Amino acid sequence: MLKKQEQAKQRWGGAHTAIDTWLHERQSLLIDYFKLAGLPPYERDSQALPATRDIRNFCGLLMDYISAGHFEIYDRIISTCSDAPKATQELAEDVFPLISDTTVIALDFNDAYGDLNDGEELNGFDQQLSSLGEALELRMEFEDRLLHALEQHRLL
């Protein structure tokens with residue numbers, strides 16, 4: 001995921017200030033995800049859970065990223081797609097509901113862990129974090145497909 005993110009940043013960075021900010025938020029979110037999950041290069045003791053503060057900070061980044069997508073980037077893509085060929089418009093119509101499905105998973109994770117207090121039980125945390133990671137990976141693939149389609153038609 002981090003490698004794909006770096007490629008996305010190199011490819012679409014500089015196209016628009018909002019997209020640059022969003023891609024930066026996406027990268028920060030992925031780095032924090034890898035740290036929480038203990039994925040290379042951010043390994044953690046397999047028995048230890050992340051600090052409560054780190055989980056809450058991650059949830060804040062997650063909500064910023066989700067919000068920026070829905071309230072800034074996707075609106076821009078939708079308005080741009082109105083000038084795009086029919087195939088690109090259809091891609092957007094197909095992909096946006098799939099992105100919304102990943103939003104539900106992210107919101108559920110935030111509801112479960114965003115207001116976590118020190119010492120609270122983290123039953124099922126690793127499984128929910130893993131499910132969130134899968135959803136984020138799908139979401140980023142969908143977003144990249146949209147950005148690629150707009151780039152192909154010089155609409156980005």
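None of the values given here were measured: they were computed from a predicted structure.
To the nearest 0.5 Å, the span separating SG on Cys59 from CD1 on Ile66 amounts to 11.0 Å. In this structure, CD on Glu134 lies 8.5 Å from CD1 on Ile105, to the nearest 0.5 angstrom. Rounding to the nearest 0.5 angstrom, the gap separating the CD1 atom in Ile99 from the CZ atom in Arg145 is 9.5 Å. Here CG of Asn110 is found 12.0 Å from CD1 of Ile55. Values are rounded to the nearest 0.5 Å. To the nearest 0.5 angstrom, Glu137 atom CD is 12.0 Å from Thr102 atom OG1. Rounding to the nearest 0.5 Å gives a distance of 7.0 Å between CG of Leu30 and CG of Leu136.
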Practice task
Determine, step by step, whether Tyr113 and Leu129 satisfy the side chain to side chain contact (heavy atoms under 4.5 Å, CB included) criterion, reporting the C-alpha distance in whole Å, the side-chain angles of both residues, the deciding distance to 0.1 Å, and the verdict.
Solution key: CA-CA 10 Å; Tyr113 301 106; Leu129 185 64; over 6 Å; no
Handout entry: Leu132/Phe58 under side chain to side chain contact (heavy atoms under 4.5 Å, CB included): CA gap, chis, key distance, verdict
Key = CA-CA 12 Å; Leu132 175 64; Phe58 172 77; 3.6 Å; yes
Practice task
Could you go through the side chain to side chain contact (heavy atoms under 4.5 Å, CB included) check for Leu29 and Asp64 one step at a time?
Solution key: CA-CA 9 Å; Leu29 176 71; Asp64 289 347; over 6 Å; no
Practice task
Could you give me the CA-CA distance, side-chain angles and deciding distance for Phe142 and Leu138, then say whether side chain to side chain contact (heavy atoms under 4.5 Å, CB included) is met?
Solution key: CA-CA 6 Å; Phe142 299 143; Leu138 282 173; 4.0 Å; yes
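Scanning all heavy atoms of the two residues, the minimum distance from Leu36 to Pro50 falls at CD2-CB, 3.3 Å. Taking every heavy atom of both residues into account, Ala92 and Pro97 meet most closely at O-CD, 4.5 Å. Between Phe34 and Pro40, the closest heavy-atom pair is CD2-O, 3.4 Å. Here the closest non-hydrogen pair linking Glu120 and Asp115 is OE2-O, 4.1 Å. Heavy-atom minimum distance, Tyr65 versus Glu25: CA-OE1, 3.9 Å. Of all heavy-atom pairs spanning Ala106 and Met63, the tightest one is O-CE, 3.8 Å.
The local environment of CG in Asp111 is crowded, with over 12 non-hydrogen atoms from other residues, nucleotides or ligands closer than 6.0 Å.
For the pair Tyr33 and Leu62, the minimum side-chain heavy-atom distance is 4.5 Å or more.
Remark: Arg26 engages Asp144 in a salt bridge, criterion side-chain N to carboxylate O under 4.0 Å.
Side-chain atoms of Ser130 do not come within 3.5 Å of backbone N or O of Asp126 as any donor-acceptor pair.
Residue pairs meeting the salt bridge (Lys or Arg N to Asp or Glu O under 4.0 Å) criterion with at least one member in residues 51-62, sequence neighbours excluded, do not occur.
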